[in-house]
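No hydrogens, no waters, no symmetry mates; every other heavy atom, side chains included, goes into these values. When a ligand or atom number is given, it counts from 1 through the structure's own listing order.
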Amino acid sequence: MTTSVMQLFSISKRLASKSARTTAKYLKRQTEDPYCAAAREHNYRARSAFKLREIDDKHKLIRPGSTVVDVGAAPGSWSQVAVERSEGGRVVGVDLQAMLPLQGATLLSLMDIREKKTHEAMRGALEGRSVDVLLSDMAPSPTGDKATDHIRLISLCRMVLQLTQMEDSPIPLSADAVYLCKIWDGVERKEFMDELKRVFSSVRMVKPVASRDSSAEMYLLSRNPIVVKK
Ligand SMILES: C[S@@+](CC[C@H](N)C(=O)[O-])C[C@H]1O[C@@H](n2cnc3c(N)ncnc32)[C@H](O)[C@@H]1O
């Protein structure tokens with residue numbers, strides 16, 4: 001009994017100190033990270049807005065009139081960038097988490113991309129439009145094991161790819177659509193890129209400066225679908 005009380009005490013002490021370290025790291029980042037400061041200045045909901053801005057500046061994904069689907073959208077900074085750059089188009093964001101409304105976008109909160117009811121909601125929000133820019137910045141909750149996290153994230157990106165190829169797809173791609181998805185690098189990257197190459201004529205790896213602090217994070221940018229589902 002005494003041993004288990006001591007063990008509990010020691011575990012809670014370790015957890016408290018881990019949480020203090022995490023908070024300190026967060027506060028340090030908020031004050032020292034130039035992207036955090038810039039995000040506040042531009043009223044972006046997260047610093048990750050700058051990753052999309054940087055990729056879009058270089059690779060010209062979003063155009064006025066584009067229909068954009070943003071999977072894993074919360075808190076909404078990629079959707080903010082998409083709204084800014086797709087004037088006259090449509091932006092649909094989806095996330096497991098709740099999101100504050102965003103003018104110019106339809107944000108589908110508390111929705112899991114793996115579920116049928118989410119696909120129904122996406123079809124409704126798209127109102128028959130085909131998708132020009134498909135974004136996935138999804139990140140499953142980390143397990144602490146990098147290899148497992150890598151495989152879980154690839155399987156989410158793969159599922160989004162498969163959704164584009166379904167009959168009556170909830171994400172029907174336009175003829176010059178692009179698919180930008182975040183992965184954490186690992187053993188399945190090559191196989192997934194090969195799968196992307198069966199659907200898109202160009203697939204490349206992209207690493208924005210704004211994500212260099214996270215060494216495993218990278219984006220796969222696929223363009224020009226070979227097979228377009230009508
Ligand atoms: C890094 S955040 C996205 C940040 C967002 N791009 C932004 O700029 O505000 C990753 C998001 O993926 C979402 N996510 C993870 N798994 C998901 C799933 N199965 N369906 C929908 N969203 C998911 C998480 O809830 C989380 O909000």
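Residue S79 does not touch ligand 1, judged by heavy-atom distances below 4.0 Å. Of all the heavy atoms of L156, the ones lying under 4.0 Å from any atom of ligand 1 belong exclusively to the side chain. Using a 4.0 Å cut-off between heavy atoms, K182 contacts ligand 1 through its side chain alone, with no backbone atom that close.
Annotation: atom 6 (N) of ligand 1 to nearest protein heavy atom, D137 OD2, 2.8 Å. At the shortest separation from atom 8 (O) of ligand 1 among protein heavy atoms lies S77 OG, 2.5 Å. Protein heavy atom nearest atom 25 (O) of ligand 1, with residue, atom name and distance: D95 OD1, 2.6 Å.
T143 and D149 are linked by a side-chain donor-acceptor pair at a separation below 3.5 angstrom, with hydrogens and angles left out of the test. Donor-acceptor pairing under 3.5 Å is recorded for the side chains of Y44 and R53.
The residue among A139, A49, A74 with a heavy atom at the shortest distance from atom 4 (C) of ligand 1 is A74.
Considering only heavy atoms from C-beta on, L100 stays 4.5 Å or farther from L107 through its side chain.
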Worksheet item: Could you walk me through whether R204 and M193 pass the side chain to side chain contact (heavy atoms under 4.5 Å, CB included) check?
Response: CA-CA 8 Å; R204 63 194 295 179; M193 286 181 79; 5.9 Å; no

Discussion item. Pair L135, V71 - check side chain to side chain contact (heavy atoms under 4.5 Å, CB included), show working.
Written reply: CA-CA 6 Å; L135 306 171; V71 187; over 6 Å; no

Worksheet entry | Stepwise side chain to side chain contact (heavy atoms under 4.5 Å, CB included) check, I62 with V68 | CA-CA 8 Å; I62 309 170; V68 182; 4.2 Å; yes

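Under a 4.0 Å criterion applied to the non-hydrogen atoms of R114, ligand 1 contributes the atoms 19 (N). Remark: ligand 1 atoms within the under-4.0 Å shell around heavy atoms of Q97 are 24 (C), 25 (O), 26 (C), 27 (O). If you number the atoms of ligand 1 from 1 as listed, the ones under 4.0 Å from a heavy atom of L96 come out as 15 (C), 16 (N), 17 (C), 18 (C), 20 (N), 21 (C), 22 (N), 23 (C), 25 (O). Close approach to D112 involves these atoms of ligand 1, each under 4.0 Å from a residue heavy atom: 18 (C), 19 (N), 20 (N). Interface atoms of ligand 1 facing M111, defined by a heavy-atom separation under 4.0 Å, are 20 (N), 21 (C). Residue S48 approaches ligand 1 through these ligand atoms, each under 4.0 Å from one of its heavy atoms: 7 (C), 8 (O).
The closest approach between any non-hydrogen atom of R45 and ligand 1 is not below 4.0 Å.
Within the structure, the side chain to side chain donor-acceptor pair (under 3.5 Å) test picks out the following pairs touching residues 86-105 (sequence neighbours left out): R90-E127. Here salt bridge (Lys or Arg N to Asp or Glu O under 4.0 Å) pairs that include residues 67-85, with residues two or more places apart or in two chains, are D56-R85, D57-R85.
An N or O contact shorter than 3.5 Å links A73 to ligand 1 by distance. Polar contact check, A46 against ligand 1: no nitrogen or oxygen pair lies under 3.5 Å apart. On a distance-only criterion, I113 and ligand 1 share at least one N/O pair closer than 3.5 Å. At least one N/O-N/O distance between G76 and ligand 1 falls below 3.5 Å.
Here D194 does not pair with R198 in a salt bridge; the nearest charged N to carboxylate O distance is not below 4.0 Å.
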